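Everything below concerns the one structure shown next.
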Protein chains: 2
Amino acid sequence: MTAIASINPATGQTVADVAEPTSAAEVARIAERADAAASAFEALGRSFRSTLLRTIADDLEAAREAIVALAHRETAIPEARLNGELTRTCYQARFFADVVDEGAYLEAAIDHAGDTPMGPGPDLRRMLVPLGPVAVFGASNFPLAFSVPGGDTVSALAAGNPVVVKAHGSHPALSLLCYDILAGAARKCGAPEGTLGIVFGTQAGADLVAHPAIRAVGFTGSLEGGKALMAIIAGREDPIPFYGELASLNPLIVTEGAAGARPGEITEGLVGSVTVSAGQLCTKPGLVLVPRGAHGDALMAQVRDLVGDVPAAALLNGRIQASYNELHAALAALPQVSTLARGPEAPEQGFFASPRILEVQAEDLTGAELQECFGPSAVVVRYSPESLEHALSLLPSSLTATIHAEDHETALVEELSARLGPLTGRLIFNQYPTGVLVSWAQHHGGPWPATNAQHTSVGATAIRRFLRPLVWQNAPQHVLPAELRNETTDIPRRIDGQLRLPSTVPA
Amino acid sequence: MTAIASINPATGQTVADVAEPTSAAEVARIAERADAAASAFEALGRSFRSTLLRTIADDLEAAREAIVALAHRETAIPEARLNGELTRTCYQARFFADVVDEGAYLEAAIDHAGDTPMGPGPDLRRMLVPLGPVAVFGASNFPLAFSVPGGDTVSALAAGNPVVVKAHGSHPALSLLCYDILAGAARKCGAPEGTLGIVFGTQAGADLVAHPAIRAVGFTGSLEGGKALMAIIAGREDPIPFYGELASLNPLIVTEGAAGARPGEITEGLVGSVTVSAGQLCTKPGLVLVPRGAHGDALMAQVRDLVGDVPAAALLNGRIQASYNELHAALAALPQVSTLARGPEAPEQGFFASPRILEVQAEDLTGAELQECFGPSAVVVRYSPESLEHALSLLPSSLTATIHAEDHETALVEELSARLGPLTGRLIFNQYPTGVLVSWAQHHGGPWPATNAQHTSVGATAIRRFLRPLVWQNAPQHVLPAELRNETTDIPRRIDGQLRLPSTVPA
């Protein structure tokens, strides 16, 4: 078996071998250890978990310098962004601690025994409980916020589940460093042995998903990778929930009004959104609809100028670079597609890529142009009022859809919203899709192929993925979890159909 | 193609041909009609939908006599139960109207724009929106409450989705009658043409699930049927959510204390729960754990007496009768299994079955005995303190698990709860699993193979299955749904992280 190597994308050179691929036997041992930890971890309760999450945040923060340096060396992502990503990663862990403390996520509900239109009803007490060990697949493009210490891990822990991470091959050394910090925090807090685990290698990831002890999977990656894991799950004796964030084109439409009124702001924002992080963000606007005519032409001229000044950037790994070049060659070879802009040539060494903007007329679209291309590129579709509908009819669903329009274009904005809403999980107005705030109201998901489930991987409700309802019927108080006992008043609960906020005075 | 026949299970005779199997072309036409209705139906809003649901309830109630008579003739379910089931079905429709009116199900949340630890954050407004046309598979055993006018249909409509029902072959005439009542109510209320549809035949069901316009599937039926639909969904270009309630053994354990203290109550409750509705309820306790020794023996003697008096009852159809007889013959042929009790012989005509109780010693269990058997039967496992763990270790997950114990058996009850909780969606104490109350706190689901998702098909939260989150970022007020506008105060919303109850005074 080939060792898992840590490679510098800026040079293409292997810096060190980090680990051996985890053997099937070792994956099984780790999964079973997680299973053995599950009930003890759950029993430690919500305040234990919020303390653990805050400790994880503190310990990641304390290792900031080492984390950012290693992440930069392994991913070529600029240090400024990595510093921001670490801030977000720590925030995320603390945020889920808040979510756990607040307790509404439990959806606690009590129906007292009594008469109903269907006869006497029993005492029913419902809340959400952890699923059991969760497998988390680290993503390449967010080596912190969507990887070992990322949102899937902290939301699964917040829900009360042990987590086994499958380290991404693009940053194995960073994965190990972060895992050691998380495991250290867990030990320090007194979490059961087995609350956290890590495996390396593609086969180990497959073995993990197939293991009976694993109860759910969180994944951010390619459509192909997601489909492969879904096939493994379909072959299990007991299929388990799979939460995949898979592919997203993120259309952005500029109206005639906006093109005329705000060309400078839009082109700057757009080129920034396409090229930030070398275009390796899942919310990158990969398809841009620009009106034909003078305003649109002026916009395109500015895009050409701006892109010409964006230096080539190192992609995360050689596979992404190869795909970028291949897909671009294929798109550029389509007769209906022309190259509108490209950045300065990429250096020969490492995994660099230069930005490219392609252009196609809306009426010429066949659908072949509408593919997600991971990297600093976008396809601009030039539309007329007549050809817009053809372009919209070909759009696949996406994580985001963005409308740039002017205030007075009321009817058009309503029409575009109604058209794009069903195709997305986040509908953005006069802003840009990249940069996903971690917050209570956030949603990062969308109809297939954006995600495969009606859930989010960012924001408070991401915790719902790793929970299931359990009802206690006619249960003695001592058997109930604290959250469902009579005297509890510190979390929102629905009592006999009435939603009640927490109170500091016992009822 | 063979016509869809209405058969009387009490005689085995075909009474009438009800419909032709729906052709592939007709299924496509119905699905596309539903798709075309989707956005107009959604746009009619919540108060329209609650009115529609209450109209459906009123119109079903108004046709009570005809519905119950036809249901009785087509299913052989006693009229008293059918009257109760219709009451529940009407209640369910009105209950989801209340759920829609109350509005917490929308999970509305607003994060205002402002500074965050990660920099300036945008205005984000999230709520749940309908998925689009839902395919609902009627179940045989609840020809009303889980069929055409049942919980899946009314929760999907409540969520704002058009519904296409696949009629169950066991009660096609009743399906058509109920469909006509629902479609009439929809017309009367002014719902768009295509809000409701119906198809007949197994192939039509498969075609429906494969059709691109269908966005989710609700199913209550067999594990095999569920797996077949899941395979169709896996083969779609865009896999869609499938909510299957599939198979459930529903273990019930009687402790030594309970067997000694309440033998009469327990045996009567147990035999009633096993044989009610000819044992064709998904929550029937199919596996009963009874202690060895004098108390358990006394319990078994009473079970034998009671079962001997339970007359044979007609099952829903010939296929269920054949499975019941086959599975029973196979179980009784296992060397470790003996027949403890059986009811009076079943008549030759129709699809009758007589109750049967089998018995096996816990230490002899191989797992082969632990199969769901649809019909009036159960397997009793006699356990000692030493052999109980072996029996528990073989239990599959179920919709319900029931513990009969005495108050003083505190530690034992906690131990059994901890053991059974992970295997079920509803943990019942000193009551019986059959009879599932429709209410806010109810949950009817469980780990595989009970259901395939972390959702319920009974109770308020069943609506969550047919919704997905959508976030509006930086949206002008006129584009937002009413529920997310600034001035809205009549539903619970989370504002900047704080859950707020509705208020009658505008904020």
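In what follows, chains are A, B, ... by sequence order, proteins preceding strands, each numbered from 1. Computed from a prediction, not measured in an experiment: that's the story for all the values here.
Using a 4.5 Å cut-off between heavy atoms, B/P449 does not touch chain A at all. Both the backbone and the side chain of B/R426 come within contact range of chain A, each with at least one heavy atom under 4.5 Å from a heavy atom of that chain. With a 4.5 Å cut-off on non-hydrogen atoms, B/R464 touches chain A through its backbone and its side chain both. Both the backbone and the side chain of B/D111 have a heavy atom closer than 4.5 Å to some heavy atom of chain A. Both the backbone and the side chain of A/L124 come within contact range of chain B, each with at least one heavy atom under 4.5 Å from a heavy atom of that chain. With a threshold of 4.5 angstrom between heavy atoms, B/L467 approaches chain A through N, CA, C or O but not through any side-chain atom. Neither the backbone nor the side chain of B/M127 comes within contact range of chain A; no heavy atoms are under 4.5 Å apart.
For the pair A/P422 and B/R468, the tightest heavy-atom approach, listed with the atom from each and the gap, is CA-NH2, 3.5 Å.
Inspection of non-hydrogen atoms places A/L437, A/V438, A/S439, A/W440, A/A441, A/Q442, A/H443 of residues 436-445 of chain A under 4.5 Å from chain B. Among residues 232-242 of chain A, the residues having any heavy atom closer than 4.5 Å to a heavy atom of chain B are, in sequence order, A/E237, A/D238, A/P239, A/P241.
Rounding to the nearest 0.5 Å places CG of B/D407 at 7.5 Å from NE2 of A/H478. For the atom pair CG (B/L501) and CG (A/L499), the distance works out to 5.5 Å, reported to the nearest 0.5 Å. Going from atom CG of A/L480 over to atom CG of B/L427 covers 9.5 Å, rounded to the nearest 0.5 Å. A distance of 10.0 Å separates CD in B/Q454 from CZ in A/R215, rounded to the nearest 0.5 Å.
Chain B forms more heavy-atom pairs under 4.5 Å with one residue of A/R88, A/Q431, A/E414 than with any other, namely A/Q431. Chain B forms more heavy-atom pairs under 4.5 Å with one residue of A/T402, A/T461, A/I428 than with any other, namely A/I428. When B/S39, B/A109, B/A475 are compared by the number of non-hydrogen pairs under 4.5 Å with chain A, B/A475 comes out ahead. The most heavy-atom pairs under 4.5 Å with chain A, out of B/P447, B/A460, B/A216, come from B/P447. The candidate with the highest count of non-hydrogen atom pairs below 4.5 Å against chain A, out of B/T410, B/V413, B/D123, B/T87, is B/T410. Here B/L131 is the residue among B/N452, B/I403, B/L131, B/D496 with the most heavy-atom pairs under 4.5 Å with chain A. In terms of heavy-atom pairs under 4.5 Å with chain B, the best-connected choice from A/G459, A/A104, A/G421, A/G435 is A/G421. Highest contact tally toward chain A, considering only B/M230, B/Q473, B/H455, B/R494, is held by B/Q473 [criterion: heavy-atom pairs under 4.5 Å]. In terms of heavy-atom pairs under 4.5 angstrom with chain A, the leader among B/G425, B/S417, B/P433 is B/G425.
Side chains of B/R126 and A/T456 form no contact here, defined as non-hydrogen atoms less than 4.5 Å apart. Side chains of A/T424 and B/L470 form a contact here, defined as non-hydrogen atoms less than 4.5 Å apart.
By the 6.0 Å contact criterion, CD on A/Q498 is open, its count of non-hydrogen atoms from other residues, nucleotides or ligands being 12 or less.
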